[in-house]
2 protein chains.
Amino acid sequence: MKLKNEYDCPLHLTMDLIGNKWKPLLLFHLLNGPLRSGILQKKIPGISNKMFTQTVRELERDQLLSRKVYPVVPPKVEYELTETGKSLETILRDLDAWGKQRML
Amino acid sequence: MKLKNEYDCPLHLTMDLIGNKWKPLLLFHLLNGPLRSGILQKKIPGISNKMFTQTVRELERDQLLSRKVYPVVPPKVEYELTETGKSLETILRDLDAWGKQRML
DNA sequence: CAGTATCCTCGGCGATACTG
DNA sequence: CAGTATCGCCGAGGATACTG
């Protein structure tokens, strides 16, 4: 990750944080509340196990979502948007709406 | 590109169209009007010549921008947002604003 | 100036198998 | 159920040189 003041424009920073195929998708599916790991993953057809774990880890590192581990067997893990993550809600819904428009 | 009705959710379509590091950046810099090829490219530090051409071609194919060639020497090419491209304006500005917020 | 062609490398990513 | 480890491929993408 670059230093913040190295960016030529703010959009560049944004794209570094969520500018790939999966991140917006993951965040979008968490808009309605926390989800268990398995459930969330099933909502993203086409993503591999590895990519899922990796992506979710990066989002956690960048404070866009939080990871909650329940000390039970079998293991239970939930992912939930942080406040920062939630601040993307409007954008995520707009992106979804835009796609919807193009599907017609 | 998948068939439109193969998508599980509209956002997925959107991400296929503009879900990478460079596309939103390119489109963003065209919001204020058409730009010559060289000028546009210089506005995107870090992009290679090859990636620039490739990305711009994909955006043209997907009807998000148009390419206008002037029959002069030396060559002059301008890129301009299509109506579809312009329909992303709000989203692009929001993404930029979001990044700005995070830079503080 | 704008773009193409070629080469080559590095790492993204899937597949599979395994652990707590 | 959730996640890690390992292997291996293939293609994204950079560097360079060249054309109209």
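Below, chain A is the first sequence line, B the second, and so on; all start at residue 1.
- With rounding to the nearest 0.5 Å, the separation of OG in A/S37 from NZ in A/K68 is 14.5 Å.
- Sorted pairs that involve residues 45-54 of chain A and meet salt bridge (Lys or Arg N to Asp or Glu O under 4.0 Å), not counting sequence neighbours, are lacking altogether.
- Ring pair A/F52/A/Y79 is perpendicular by interplanar angle, where above 60° counts as perpendicular and below 30° as parallel.
- Counting all heavy atoms, side chain and backbone alike, A/G99 lies closest to B/L13 at O-CD1, 3.5 Å.
- In summary, contact between chain B and DNA chain D, defined as any nucleotide atom under 4.0 Å from a heavy atom of the protein, begins and ends at D/dG13 to D/dG20 in the 5' to 3' direction.
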Listed pairs under 3.5 Å, donor-acceptor, residues 85-93 of chain B side chains, sequence neighbours left out:
unit_1 : atom_1 : unit_2 : atom_2 : d
B/K86  : NZ     : B/E83  : OE2    : 3.4
B/S87  : OG     : A/W98  : NE1    : 2.9
B/S87  : OG     : B/T84  : O      : 2.4
B/E89  : OE2    : B/R93  : NE     : 2.9
B/E89  : OE2    : B/R93  : NH2    : 3.0

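- Evaluation of the side chain to side chain donor-acceptor pair (under 3.5 Å) rule for B/R57 yields no partner, not counting sequence neighbours.
- Residues from residues 30-44 of chain B that place a heavy atom under 4.0 Å from any atom of DNA chain C, listed by number: B/R36, B/S37, B/G38.
- Heavy atoms from other residues, nucleotides or ligands lying under 6.0 Å from CD of A/E60 number more than 12.
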Filtered N/O pairs between nucleotides 10-12 of chain C and protein, under 3.5 Å:
none

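- Of all heavy-atom pairs spanning A/P34 and A/E78, the tightest one is CB-OE1, 3.9 Å.
- At distances below 3.5 Å, at least one donor-acceptor pair connects side-chain atoms of B/T82 with backbone N or O atoms of B/L64.
- Residues from residues 65-75 of chain B with heavy atoms under 4.0 angstrom of DNA chain C, sorted by number: B/R67, B/P74, B/P75.
- When the nearest nucleotides of DNA chain D are assigned to A/V56 and A/K50 by heavy-atom distance, the more 5′-ward of the two goes with A/V56.
- Under the side chain to side chain contact (heavy atoms under 4.5 Å, CB included) criterion, A/V72 pairs with A/Y70, A/K76, sequence neighbours left out.
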Distance-only donor-acceptor pairs under 3.5 Å for side chains of residues 22-32 of chain B, two or more places apart:
unit_1 : atom_1 : unit_2 : atom_2 : d
B/K23  : NZ     : B/L17  : O      : 3.3
B/K23  : NZ     : B/E58  : OE1    : 2.9

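- Remark: B/E80 CD is packed, more than 12 non-hydrogen atoms of other residues, nucleotides or ligands lying under 6.0 Å away.
- At least one donor-acceptor pair closer than 3.5 Å links the side chain of B/T14 to the backbone N or O of A/L95.
- For the strand DNA chain D, secondary-structure stems (runs of at least three Watson-Crick or G-U pairs, all distances below 3.5 Å) span C:1-20 with D:1-20.
- With sequence neighbours left out, the salt bridge (charged side-chain N to carboxylate O under 4.0 Å, His left out) criterion links A/K100 to no other residue.
- For residues 28-49 of chain A, no residue pair satisfies the salt bridge (Lys or Arg N to Asp or Glu O under 4.0 Å) rule, not counting sequence neighbours.
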